[in-house]
Amino acid sequence: MSETLLTFQKGGVHPHESKALTQHLPIETLPIPEGVEILLSQHFGAPCEPLVKKKDQVAEGDVIGEVEAGLGACIHASVSGKIRNIATSANPVSISSPSIIIKTDPEAEPRVNTPCNWMDLSREELLARIKSAGIVGIGGAGFPTHVKLSPPPEAKVDTLILNGAECEPYLTTDHRLMLEHPQEVIEGAKIILTILGIQECHIGIEANKSDAIEEMKRVSREVSSNGFRISIDPLKVRYPQGSEKQLIESITGRRGPGVGLPFDVGAIVQNVGTARAIYEAVVLEKPLYEKIVTISGRGIERPANLLVRVGTKLSDIVSFLGGTRPDLAKVVMGGPMMGFAIPTLDIPITKTTSGVIFLTNDEIDTNPHGQCIRCGWCLDACPMGLSPNEIGIYVEGGRAEETSQFGLFECFECGCCAYTCPAKRPLVQFIRLAKMKAKK
Amino acid sequence: MSESPLWTVSVSPHIKSGESVERIMWTVVGCLLPPLILSVFIFGFQTLIITLVSVGACVATEAITQKLFHRPITIRDGSAVITGLLLAYIIPPGVPYWIPVLGAVMAVYVAKHLLGGIGFNIFNPALIGRAFLVATFPVAMTSAWLPPIRDASIFKYMGPGIDAISTATPLYVLKHYGIQAVIEKFGSMSTIYGDFFIGWRPGCIGETSALLLLLGGLYLLYKRYITWHIPVSVIVTIAFLTWVFGGEKLFAGSPLLAILSGGVMLGAFFMATDYVTSPSQPTGKLIFGAGIGALTVLIRFKGGYPEGICYAILLMNPLAPALEGWFRPRRFAPEKGAFK
Ligand code: SF4
Ligand code: SF4
C-alpha cells in the first residue's frame with residue numbers, strides 16, 4: 001500500500017499478530033444452544049433488574065432486564081423459550097453474578113426483522129431505538145452507547161471515528177465484519193453522524209487488513225454520501241492502535257487529557273461492531289443479542305469466527321468446535337493483551353465479548369519474573385509516557401500509595417510494558433494493586 | 001472434551017515478547033568473545049587464562065553470595081559472566097593469574113550485592129573491581145603491559161621474566177613524552193591507525209581491538225539491546241575535546257588517536273551502556289555519555305593516570321538515577337483538558 005499509514009507518536013509494541021488462524025474464515029453461525037445464561041451485569045454501569053420470573057415464556061428479542069437507576073443498558077432474550085431460573089452464573093470478571101437462565105424452545109419461529117427507512121426518524125427516535133436495543137460499546141468496557149452519543153452541548157464534537165483497528169492479536173471479528181457486511185457498518189456510521197449532527201467520519205483500520213480496507217473503500221464510494229464525509233484511514237499495525245486515545249491521536253493528531261473522555265478533544269469513537277449493531281437496532285429494530293466472536297489459539301481444535309447468541313456458554317462453543325487440545329494452558333476472554341484469564345468454560349458470552357483465546361504452553365510465557373534491570377524498555381513501550389518500572393518497584397517495596405506521581409491513573413492497562421519487559425515483571429498486576437491501594 | 005481446572009489464571013497481558021534477561025546477557029557475552037579470541041593472538045595465551053579465572057571467580061562469587069543471602073541463584077542469567085569478561089578485559093595482559101580473583105570478589109560481592117543487589121547497584125561492578133585492583137596492586141595494574149606478538153607465538157609470555165619485556169601504552173607515551181614519541185615508538189600515523197584499529201597495540205586484554213568491539217556494539221544496536229545515544233555521545237565528546245585541547249595548541253589534537261587508544265570503544269559500547277547503572281531515556285543518556293567523555297579527557301590530560309574512561313564511568317554512575325528522574329518520558333497529556 002503506497003498510502004502513508006497513520007499512527008500515534010509515543011510507545012506501543014508489535015506482538016505476533018497470530019491472526020492467520022482465523023482471518024480467512026467466514027463468519028459461521030453457531031446453532032442455537034439448548035439454553036443460555038444472560039448475565040444481569042454485563043459491563044460498565046449498573047446491573048439490570050430482571051423483568052421476568054421463573055417459568056415465563058419469552059421470545060427472541062424480548063426485553064428481560066432493565067436498569068432502574070443510573071447508567072446502564074437493558075438486556076434481551078437471545079433465544080425463544082422458557083425462563084428456567086434466575087440464579088448465579090460464572091462471570092469473566094468477578095467470581096459469579098446473577099443471570100437469567102433460559103431453556104430454548106426448539107420449535108420457536110425465528111424472529112423476523114423488517115427493514116425500515118431510518119432517514120424518516122428524528123434524532124430522539126434514533127437514540128430511543130439504540131437505547132431500547134440495549135447497545136453498549138462492543139469493543140471494550142461496554143459503555144452504554146445512547147449515553148455516549150448524547151455528549152454534553154459544550155463538548156463541540158466535530159468528528160466521528162469508527163474503530164476498525166482490531167489491534168489485539170488473534171481477534172478477527174471486526175476484520176470479518178468489515179469484509180462481509182461493509183454496507184451495514186457504513187450505514188451505522190451515517191446514523192451516528194445524523195444523531196451527532198456532524199458530517200465527518202473516519203474509519204481507522206490497521207493495514208494488516210488490506211482486503212477489509214479495500215472493501216470498505218469500495219462501499220463507501222458507492223453508497224450515496226448524503227453530505228457525509230466518510231473516509232477509510234489505513235493505520236500502522238501497532239498495538240494499542242485501537243485504544244481510544246491513541247486512535248484519536250493517529251487520526252486527528254489531537255491528544256486528549258491523560259484522564260478524561262474523548263469529548264474533550266472533539267471526537268467520539270465507536271467500534272465498527274457497535275456501528276453495525278446500531279444499524280440493526282435502528283433499521284431492523286433488532287436488539288443486541290447476537291455477537292461475532294473469534295475463537296482462536298492453538299489450544300482449540302478448530303479456530304473460527306462465530307456468530308453466537310449472547311448467553312451461550314463457552315462449553316457449548318467448545319464442543320461445537322471439536323473440543324480443546326491436550327496442551328491447552330490458558331483460556332482468555334478477550335484479546336491476549338487485555339483480556340481476562342478464566343478458570344472454567346461455564347462462562348457465558350456477553351455483549352462485550354470479542355473473542356475467546358485458547359493458548360497453549362508455547363503461546364504463553366510462564367517463566368518466573370526477576371528483578372528490574374532498569375533497561376527502560378517499559379518506558380519506551382508505554383503509550384501514556386508513564387514509568388511502569390518505578391510503579392512495580394514501589395509496589396514491591398510496600399509504597400504503592402506513592403505511585404500516583406508516575407501517572408498511575410493515566411494507565412489504561414494496555415499491557416505494553418509487561419509484554420516488553422525482559423525480566424517478565426508482572427507490571428500490570430503491580431499497577432492494579434497500586435490503583436487499589438492508592439484509591440483508598 | 002478435556003476439562004482441566006489447571007489452566008493458568010494470571011493478570012494480562014497473556015503473551016510476552018520473546019526477549020529475556022538471559023537472552024540479552026548471553027548476546028552481550030557473544031559480542032564480547034571475538035576480542036578475547038583476538039587478544040590471544042595479540043598478547044598470548046595467558047589472556048585466555050586470566051579471563052577464564054576472572055569469569056569463574058565472578059560466577060562463583062555470585063553463587064556463593066546468593067546462597068549466603070538466601071536469594072535465588074541467578075548465575076544462569078549470564079550477568080556474572082559479563083562482569084567476569086569485562087573485568088578481565090580492563091586488566092593488563094601480564095598480571096599474575098590470581099589478580100582477577102580479588103577483583104571478582106570485589107566486583108560481585110561488594111559492588112553488585114552489598115551495594116544494593118541486582119538492579120539496585122549504583123556502580124558498574126567490573127569497574128569497581130578494577131578500581132580496587134589499581135588501588136591495591138598499583139604496580140602490576142599499571143605496568144604489566146606487553147608488546148603485541150607479531151609472529152603468532154602465542155605462548156611467548158607464558159614463561160617467567162615477563163617484567164623484563166613490559167612496555168608502555170600509547171596513552172602513557174603520549175601523556176609523558178608527546179605525540180612525536182608515539183610516532184617513534186609505534187610507527188607512522190597511518191600504521192598507528194591501522195594497527196590500533198585492528199588491535200595490535202599495548203593495552204588491557206580486551207580493549208585494544210576497536211574493530212571487533214565496534215562490530216559487537218553494532219550488533220547490540222541492531223538487536224536494539226542498546227541505543228546509539230551513550231556510545232555516540234561518549235565517543236564524540238572525547239574526540240571533540242581532544243581535538244580542541246589535546247594538541248600543542250588549540251584545535252591541534254588527534255581525535256582519531258584518542259578514540260582508538262585506551263578503553264574508549266569497550267567503555268562506550270559495553271560498560272557505559274550497562275542498564276542498571278545508566279539512564280534509560282534519550283536525553284539522560286546523551287548527558288550521561290557526554291559527562292563520561294568529558295571526564296575521560298579531563299583525567300587523561302590533568303589526572304594522575306594516562307587513561308580515564310573507567311573512572312569517568314564510575315563517576316557518572318551515581319548520577320544515573322537522577323538523570324533518569326529528571327528526564328522521564330513525556331506523558332501522553334497529563335494536564336486535564338488539553339486540546340492541541
Ligand atoms: S499498562 Fe499502563 S503503564 Fe503499562 S504500558 Fe500500558 S498504559 Fe503504560
Ligand atoms: S522493562 Fe522490566 S526490567 Fe526493564 S525497566 Fe521496565 S520493569 Fe525494569
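Note on naming: letters A, B, ... go to the chains in the order of the sequence lines (proteins, then strands), and numbering restarts at 1 for each one. Quick caveat: nothing in here was measured; it's all calculated off a predicted structure.
Looking at A/Val428, the atoms closer than 4.5 Å to chain B (heavy atoms on both sides) sit in the backbone and in the side chain alike. Both the backbone and the side chain of A/Met337 come within contact range of chain B, with heavy atoms under 4.5 Å apart. Residue A/Lys10 touches chain B through its side chain alone, counting heavy-atom pairs closer than 4.5 Å. For A/Leu386, the parts lying near chain B are the backbone and the side chain together; criterion is any non-hydrogen pair under 4.5 Å. Using a 4.5 Å cut-off between heavy atoms, A/Phe8 makes no contact with chain B at all. Looking at A/Ile393, the atoms closer than 4.5 Å to chain B (heavy atoms on both sides) all sit in the side chain, from C-beta outward. For B/Arg23, no part sits under 4.5 Å from any heavy atom of chain A, backbone or side chain. For B/Glu22, no part lies under 4.5 angstrom from a heavy atom of chain A. Looking at B/Ile24, only its side chain comes within 4.5 Å of chain A, counting heavy atoms on both sides. Interface residue A/Cys372: only backbone heavy atoms are found under 4.5 Å from chain B. Contacts between A/Gln405 and chain B at a heavy-atom distance below 4.5 Å involve the backbone alone (N, CA, C, O).
For the pair A/Ile347/A/Lys313, no side-chain contact is recorded, criterion being any heavy-atom separation below 4.5 Å from C-beta on. Using a 4.5 Å cut-off on side-chain heavy atoms (C-beta onward), A/Val265 and A/Thr252 make no contact. Between A/Leu427 and A/Ile391 the shortest side-chain heavy-atom distance does not fall below 4.5 Å.
Counting heavy-atom pairs closer than 4.5 Å to chain A, the top-ranked of the candidates B/Gly119, B/Pro282, B/Pro279 is B/Gly119. In terms of non-hydrogen atom pairs under 4.5 Å with chain B, the most contact-rich of A/His14, A/Glu390, A/Glu301 is A/Glu390. Listed options A/Ile373, A/Val331, A/Asp365, A/Ile364 were ranked by heavy-atom pairs under 4.5 angstrom with chain B; first place goes to A/Ile373. Counting heavy-atom pairs under 4.5 Å between each of A/Ala423, A/Gly370, A/Pro383, A/Ser387 and chain B puts A/Ser387 at the top. When A/Pro426, A/Gly415, A/Pro422, A/Cys414 are compared by the number of non-hydrogen pairs under 4.5 Å with chain B, A/Pro422 comes out ahead. Ranking B/Gly18, B/Ser280, B/Ser20 against chain A, the residue ahead of the rest is B/Ser20, based on heavy-atom pairs under 4.5 Å. When the candidates A/Gly11, A/Gly339, A/Gly299 are compared by the number of heavy-atom contacts under 4.5 Å with chain B, A/Gly339 comes out ahead.
There is no side-chain donor-acceptor pair under 3.5 Å between A/Glu413 and B/Ser12. Donor-acceptor pairing under 3.5 Å is recorded for the side chains of A/Glu363 and A/Thr360. Side chains of B/Glu19 and A/Thr420: a donor-acceptor N/O pair is absent below 3.5 angstrom, by distance only. Under 3.5 Å, the side chains of B/Lys112 and B/Thr65 contain no donor-acceptor pair of N or O atoms.
The cationic group of A/Arg325 does not satisfy the cation-pi geometry with A/Phe358, failing either the under 6.0 Å distance to the six-membered ring centre or the 45° limit from the ring axis. Annotation: cation-pi pair A/Arg399/A/Tyr394 present, NZ/CZ under 6.0 Å from the ring centroid and within 45° of its normal.
Salt bridge absent: A/Arg298 and A/Asp362 never bring a charged side-chain N and a carboxylate O closer than 4.0 Å. Of the charged side-chain nitrogens involved, none lies within less than 4.0 Å of a carboxylate oxygen, so that A/Arg254 and A/Glu249 do not count as a salt-bridged pair.
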